[in-house]
Protein chains: 2
Amino acid sequence: MAAAASRDTRNRIVQAATELFWEKGYASTSIAEILGRAEVNSGSLYYFFPGKQDLLIAVLKSYRDGIGPMLLEPVWAGIDDPIERIFALLAKYRELIVITDCLYGCPIGSLALELHEPDPAVRTVIAENFSAWSGAIRDCLQQARGRLAREVDPSSLAEFTLAVMEGGVMLARTYRDVAYFDRCVAQLRDHYHQWTGGKT
Amino acid sequence: MAAAASRDTRNRIVQAATELFWEKGYASTSIAEILGRAEVNSGSLYYFFPGKQDLLIAVLKSYRDGIGPMLLEPVWAGIDDPIERIFALLAKYRELIVITDCLYGCPIGSLALELHEPDPAVRTVIAENFSAWSGAIRDCLQQARGRLAREVDPSSLAEFTLAVMEGGVMLARTYRDVAYFDRCVAQLRDHYHQWTGGKT
DNA sequence: GTCTATACCCTGATAGAC
DNA sequence: GTCTATCAGGGTATAGAC
């Protein structure tokens with residue numbers, strides 16, 4: 001069926017671009033490399049996407065839409081405690097760092113810093129990715145509000161958690177040592193303890 | 001004098017590269033642009049540097065060597081309290097975010113995430129930059145150790161401070177809103193309060 | 001040390017047959 | 001929708017005179 005085949009082609013292109021942008025960055029990835037990995041010809045790519053940047057936007061939207069089903073749901077399966085869920089997510093990043101030999105970089109964070117004057121459309125989808133991530137953390141914190149001191153602002157603490165994750169990933173990658181990430185998470189846990197009275 | 005003139009040429013090249021790598025990133029900056037901004041010809045650049053990456057290393061070393069005299073000393077002039085010095089440094093980043101209309105990105109952090117498989121020489125200088133920055137914070141914390149709870153590890157808290165700065169800058173830039181940085185710093189201040197008993 | 005000219009490759013994107 | 005062939009431009013780096 002033509003429609004199914006073309007959907008598949010499009011997906012292969014987005015998948016190949018996702019991998020390459022993550023491995024090499026946006027500017028350092030060439031269209032030719034994407035074509036090679038996707039096993040697709042130039043004509044097909046430009047049939048689906050007007051240009052490279054539109055492909056980037058498709059990649060970022062697919063990340064955004066995947067945060068729930070591809071990241072959070074697997075990580076949170078079997079974990080009910082909302083605060084535990086937050087640290088389980090951070091443990092997932094630790095795992096990614098370790099299995100990539102400390103080469104792991106958060107794809108969204110890396111693109112956020114690589115793209116210096118991004119088209120508003122690009123910047124917006126990056127922000128949506130961050131909002132989806134920190135929004136999920138905020139929801140956890142709201143579920144745990146019975147355990148949290150009244151003065152805690154869940155949104156603010158959720159954004160802080162995101163910032164620490166991004167910073168910790170950056171350090172672990174730069175030093176090629178997961179211990180930098182671990183120490184950041186340990187500090188963050190101390191910060192949480194302050195608001196839960198140690199009840200985590 | 002030839003030697004002085006050549007030193008000057010080299011400096012102009014490094015200066016132009018510093019600006020452009022910060023404004024556009026490494027991969028997106030062309031040699032031609034660097035030559036144009038430095039008002040130098042191709043022959044001069046390749047007389048001083050074997051290639052683009054060697055120029056990048058020179059830029060990163062100049063950042064590293066400038067952290068004390070160009071960043072910390074001006075920011076810390078007239079401030080004696082070591083904990084206040086840490087937050088004065090963060091306030092400096094806030095200022096940079098504001099005067100760049102939230103376009104500011106930490107040049108080191110951006111390069112750390114942009115370069116995906118950097119030559120060990122490049123990665124090492126980036127790590128040295130981070131170590132110089134967090135080392136200065138650690139020194140502040142050690143000077144303040146009379147006020148800090150015994151269980152605080154100054155190195156760990158200093159790295160955490162760096163991670164929060166980098167993450168906060170990333171968020172402010174992505175959302176084009178300094179409030180994201182401010183909330184991260186406010187959370188960090190609460191974290192410090194925990195270890196100082198509010199004595200900051 | 002600095003100049004100009006240029007080699008040579010790879011880039012993103014297009015054209016037009018099928 | 002997918003194919004091949006290719007364009008026009010810009011990329012890094014070099015050569016050799018001065």
Side-chain angles (χ1 to χ4, degrees), chain A residues 1-60 62 111 114-119 121-122, chain B residues 1-60 62 111 114-119 121-122:
Chain A
M1 201 210 278
S6 87
R7 169 91 54 103
D8 195 64
T9 301
R10 204 195 115 107
N11 285 345
R12 281 213 314 284
I13 294 168
V14 172
Q15 178 61 28
T18 300
E19 294 170 13
L20 285 162
F21 291 163
W22 177 66
E23 291 169 19
K24 316 187 47 178
Y26 176 71
S28 299
T29 295
S30 72
I31 299 279
E33 283 173 298
I34 296 169
L35 297 175
R37 184 165 309 197
E39 297 182 278
V40 155
N41 295 100
S42 165
S44 296
L45 190 151
Y46 285 99
Y47 171 79
F48 289 108
F49 303 99
K52 190 182 180 186
Q53 185 180 279
D54 305 271
L55 177 51
L56 170 64
I57 291 173
V59 167
L60 288 167
S62 114
L111 289 168
E114 182 192 341
L115 305 166
H116 281 62
E117 293 178 26
D119 209 68
V122 176
Chain B
M1 203 210 277
S6 85
R7 168 90 56 105
D8 194 62
T9 301
R10 204 195 114 107
N11 285 344
R12 281 213 314 284
I13 295 168
V14 173
Q15 178 62 29
T18 299
E19 295 170 12
L20 284 161
F21 292 163
W22 177 67
E23 292 169 18
K24 318 187 45 177
Y26 176 71
S28 300
T29 295
S30 71
I31 300 280
E33 283 174 297
I34 296 169
L35 298 175
R37 184 165 309 196
E39 296 182 281
V40 156
N41 295 99
S42 164
S44 296
L45 190 151
Y46 286 98
Y47 171 79
F48 289 108
F49 303 99
K52 190 182 179 186
Q53 184 178 281
D54 305 272
L55 177 51
L56 170 63
I57 291 173
V59 167
L60 288 167
S62 114
L111 288 168
E114 182 191 341
L115 306 166
H116 282 62
E117 291 178 26
D119 209 68
V122 176

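So you know, we letter chains A, B, ... as the sequences are listed, proteins then strands, and number each from 1.
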Q. So B/Leu55 and B/Val14, side-chain contact (heavy atoms from CB on, under 4.5 Å) or not? Walk me through it.
A. CA-CA 7 Å; B/Leu55 177 51; B/Val14 173; 4.3 Å; yes
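Counting only residues at least two apart or in different chains, side-chain hydrogen bond (donor to acceptor under 3.5 Å, both in side chains) contacts with residues 44-54 of chain A are absent. Here side-chain hydrogen bond (donor to acceptor under 3.5 Å, both in side chains) pairs that include residues 25-35 of chain A, with residues two or more places apart or in two chains, are A/Lys24-A/Glu33, A/Ser30-A/Glu33.
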All N/O pairs under 3.5 Å across the protein-nucleotides 6-10 of chain C interface:
none

Between protein and nucleic acid, restricted to nucleotides 14-18 of chain C and to nitrogen or oxygen atoms under 3.5 Å apart, what atom pairs and distances do you find?
residue : atom : partner : partner atom : Å
C/dT14  : O4   : A/Ser42 : OG           : 2.6

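Residue B/Phe48 contributes atom CZ, which lies 17 Å from atom C1' of D/dA13 at whole-angstrom precision. For B/Leu56 and D/dT12, the CG to P distance is 13 Å, given to the nearest whole Å. Per the geometry, CD belonging to A/Glu39 stands 15 Å off C1' belonging to D/dC3, to the nearest Å. Rounded to whole Å, atom C1' of D/dA13 lies 12 Å from atom CG of B/Asp54. Summarising the geometry, the separation between CD1 on A/Ile34 and P on C/dA13 is reported as 10 Å, rounded to the nearest angstrom. Taking atom CG of residue B/Leu35 and atom P of nucleotide D/dG11, one finds them 11 Å apart after rounding to whole Å. Residue A/Lys52 contributes atom NZ, which lies 9 Å from atom P of C/dT11 at whole-angstrom precision. To the nearest angstrom, P of D/dG11 lies 7 Å from CD of B/Glu33.
Residue A/Tyr47 has its side chain nearest to D/dG1 when only D/dG1, C/dG12, C/dT2 are considered. Comparing D/dA13, D/dT2, C/dT11 against the side chain of A/Ala32 picks out C/dT11 as the nearest.
Between the CD1 atom in A/Ile13 and the CD atom in A/Gln15 there is a gap of 12.0 Å [rounded to 0.5 Å]. With rounding to the nearest 0.5 angstrom, the OG1 atom of B/Thr9 is 11.0 Å from the CD atom of B/Glu39. To the nearest 0.5 Å, atom CD of residue B/Glu19 and atom CD1 of residue B/Ile34 are 11.0 Å apart.
Contact annotation for A/Ser28: no contact, since no heavy-atom pair falls under 4.0 Å across all strands.
Bending across the helix from C/dG1-D/dC18 to C/dC18-D/dG1, expressed as the angle between its end axes from five pairs apiece, amounts to 0° (10° rounding).
OP1 or OP2 of C/dT4 lies within a sub-4.0 Å distance of a side-chain N or O belonging to B/Asn41.
By the 4.5 Å heavy-atom criterion applied to side chains, A/Val122 and A/Ile57 are counted as neighbours. Contact check for B/Phe49 versus B/Arg10: side-chain heavy atoms found under the 4.5 Å cut-off. A/Phe21 is not listed as a side-chain neighbour of A/Leu60, based on a closest heavy-atom distance of 4.5 Å or more.
In terms of heavy-atom proximity, B/Ala38 sits nearest to B/Arg12 at O-NE, 2.9 Å. Heavy atoms only, all atoms of each residue included: B/Glu23 and A/His116 are closest at O-CB, 3.1 Å.
Looking at residues 13-23 of chain A, you'll see that no heavy atom sits under 4.0 Å from any atom of DNA chain C.
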